[in-house]
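Remarks on the structure that follows.
Residue numbers start from 1 in every chain, and the chains themselves are labelled A, B, ... in the order their sequence lines are given, proteins ahead of strands.
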Number of protein chains: 2
Amino acid sequence: MRVSDKHQKITQAAVKVFARKGFFNARISDIAKEAKVADGTIYLYFNNKYDILISLFEDEIGKIIVKVKLLLENETDPLKMLEIYAIHHLSLLQDQKELVEVLQMELRQSNKFIKEYRNTKFIEYIDIISEIVHKGQDSGHFRKEIMPGVIKRAFFGALDEMSRLWALSAKPHYTLEETAKHISDIFLRGIVVRNS
Amino acid sequence: MRVSDKHQKITQAAVKVFARKGFFNARISDIAKEAKVADGTIYLYFNNKYDILISLFEDEIGKIIVKVKLLLENETDPLKMLEIYAIHHLSLLQDQKELVEVLQMELRQSNKFIKEYRNTKFIEYIDIISEIVHKGQDSGHFRKEIMPGVIKRAFFGALDEMSRLWALSAKPHYTLEETAKHISDIFLRGIVVRNS
DNA sequence: GCTTATTATGAATAATGATTCATTTTTGTT
DNA sequence: AACAAAAATGAATCATTATTCATAATAAGC
């Protein structure tokens, strides 16, 4: 087994365990068991428990960024682009429920207990929104007076709160697409130059 | 000192310590020191460490609900009501920074590690939004086809993500009122019957 | 097939910190 | 003031677990 495979295997196991028990309640031995390796093996690939979490953030958010950028690549209409972002973000929950749970529960507070860690990948992910908004303002689709720095947080926050609800409660009342479009629609009506 | 005073004193100390270190990194002895009581004293007022956190949620969100309901009491315009809610929510950060940090960091994940705990107070707080939206639909101000259950999450999520940004970064770029009005404005344009 | 280098193991270590409870201090009553 | 009841103390307990490291297994080179 290649080195990177085992790294990956431990990361995947950590996602499962962190999702189930949370970072602090997760034991290294739980992760080792899930990954089918010895406890000590984990320390050949990671410096410590925090390092597993940080490494997981970087890798997985990196992948998410690559994917959403790919989806946006061939779209030029900023309205459509926001909708694509919304659908993609909510889709994550379907495709990778455990990962989303970990990101939601642990990512935010990581700044608190890991002082050195500046979450640059996360910032890169939400900055995609403000780039779209800027583009829409330049092209005349969006009102000039809206503040991209506020909108990116508001839009992301709206989506992520839905995602959180679904992650905790059993079943969504509405379909994912329906909800993504509903939220995009509200925002778009709020930021476009003229309402049709 | 009355019994309830000491309960309160420990709760306040816990807010400070949890905000500084996070729930899991906070030691009971830290809270005891901050509250100027002995470690053992804490166990005369709380069953265990989790109980401090839960009790803190219930008490403090309860107070927040009372306050925002009071603010909304004399307002009948649903548009204004949403704005009031937004301003109040963002104001919390100014008035009670440490409490907001604890609610943001620890509240969400508490469902994960304290299985028995259904966070009813939190639900009561965000349900205020859907009540306003329903009222606005009944009065003809808001479009019938919008989904209050989605809007309440989206609106709350938008506000709370701003709050989180400010809690982590040093200084807001915009004033609180400005931001609250900007976010309310986007949502209101998105949900009103006709745009002016 | 033998030797060396790499990778993996998991029992032992060592620190940590929540909780308990025997003892002390404070408060209230007569 | 003397006594009882209530409240507070904090050192000792005891379980928990991240990390280490001496040893073993596996792979690579020749």
Side-chain angles (χ1 to χ4, degrees), chain A residues 1-59 102 105-107 109-110 112-117, chain B residues 1-57 59 102 105-106 109-110 112-117:
Chain A
M1 177 174 280
R2 288 203 336 282
V3 161
S4 69
D5 286 345
K6 192 150 280 187
H7 191 280
Q8 178 75 0
K9 208 171 139 195
I10 294 170
T11 302
Q12 294 309 319
V15 169
K16 276 202 166 62
V17 177
F18 290 157
R20 194 159 58 235
K21 316 181 85 171
F23 177 77
F24 285 102
N25 288 318
R27 281 169 289 151
I28 290 291
S29 60
D30 292 334
I31 298 170
K33 201 174 186 185
E34 181 76 41
K36 296 201 181 79
V37 298
D39 294 17
T41 306
I42 289 178
Y43 289 88
L44 300 175
Y45 295 90
F46 299 91
N47 295 324
N48 51 50
K49 196 179 165 187
Y50 289 149
D51 190 36
I52 305 174
L53 188 65
I54 299 297
S55 165
L56 184 164
F57 288 159
E58 299 284 322
D59 295 355
V102 175
M105 302 300 155
E106 316 295 344
L107 177 65
Q109 62 165 7
S110 64
K112 182 124 291 172
F113 61 81
I114 315 174
K115 288 177 208 58
E116 316 80 44
Y117 184 53
Chain B
M1 178 175 276
R2 289 202 335 282
V3 160
S4 69
D5 286 344
K6 192 149 281 191
H7 192 280
Q8 177 75 359
K9 206 171 143 197
I10 294 169
T11 302
Q12 293 310 319
V15 170
K16 276 202 166 61
V17 176
F18 289 157
R20 193 158 59 234
K21 316 182 85 172
F23 177 78
F24 285 102
N25 287 318
R27 283 168 287 153
I28 290 290
S29 60
D30 292 334
I31 299 170
K33 201 174 182 184
E34 181 74 42
K36 299 201 179 79
V37 298
D39 294 16
T41 306
I42 289 178
Y43 289 86
L44 301 175
Y45 295 89
F46 300 90
N47 296 324
N48 52 49
K49 196 178 164 186
Y50 289 148
D51 190 37
I52 304 174
L53 189 65
I54 299 297
S55 163
L56 184 163
F57 289 159
D59 295 354
V102 174
M105 303 299 155
E106 316 295 344
Q109 62 166 7
S110 64
K112 181 123 292 173
F113 60 81
I114 314 174
K115 290 179 207 54
E116 317 80 47
Y117 183 53

Next on the checklist: Can you measure Ile10(A) atom CD1 to dT9(C) atom P for me and round it to whole angstrom units?
Outcome noted: 9 Å

Item to check | Any Lys49(B) side-chain N or O less than 4.0 Å from OP1/OP2 of dG17(C) | outcome: no

Item to check | d(CG, Asp39(A); P, dA8(C)) in whole Å | outcome: 14 Å

Next on the checklist: Exactly one of Arg20(B), Lys21(B), Arg27(B), Lys9(B) should register a salt bridge (Lys or Arg N to Asp or Glu O under 4.0 Å) with Glu34(B). Which one does?
Outcome noted: Arg20(B)

Item to check | Gap between atoms CG and P, on Asp30(A) and dT17(D) respectively (whole Å) | outcome: 8 Å

Item to check | N or O in side chain of Tyr43(A) less than 4.0 angstrom from dT9(C) OP1/OP2 | outcome: no

Next on the checklist: Does the plane of the ring in Phe18(B) sit parallel, tilted or perpendicular to the ring in Phe23(B)? Use 30° and 60° as the thresholds.
Outcome noted: tilted

Next on the checklist: What is the separation between atom CD1 on Ile28(A) and atom P on dA11(C), rounded to the nearest whole Å?
Outcome noted: 17 Å

Checklist outcome for this item: Rounded to whole Å, the CZ-C1' distance (Phe24(B) to dT17(D)) equals 14 Å

Checklist entry - If you look at every heavy atom in Val102(B) and Ala19(B), which pair is closest and at what distance? => result CG2-N, 3.5 Å

Checklist outcome for this item: Here the distance between atom P of dG17(C) and atom CZ of Arg27(B), to the nearest Å, is 5 Å

Checklist entry - Which of the following nucleotides, dG10(C), dA8(D), dT7(C), is nearest to the side chain of Leu44(B)? => result dA8(D)

Checklist entry - Over how many whole Å does the gap from Ile52(A) atom CD1 to dT19(D) atom C1' extend? => result 12 Å

Checklist entry - At under 4.0 Å, does any side-chain N or O of Thr41(A) touch on OP1 or OP2 of dT9(C)? => result yes

Next on the checklist: What is the separation between atom CD1 on Ile42(A) and atom P on dG10(C), rounded to the nearest whole Å?
Outcome noted: 12 Å

Checklist outcome for this item: With sequence neighbours left out, the residues meeting side-chain contact (heavy atoms from CB on, under 4.5 Å) with Thr41(B) are Lys6(B), Val37(B), Ala38(B), Leu44(B), Tyr45(B)

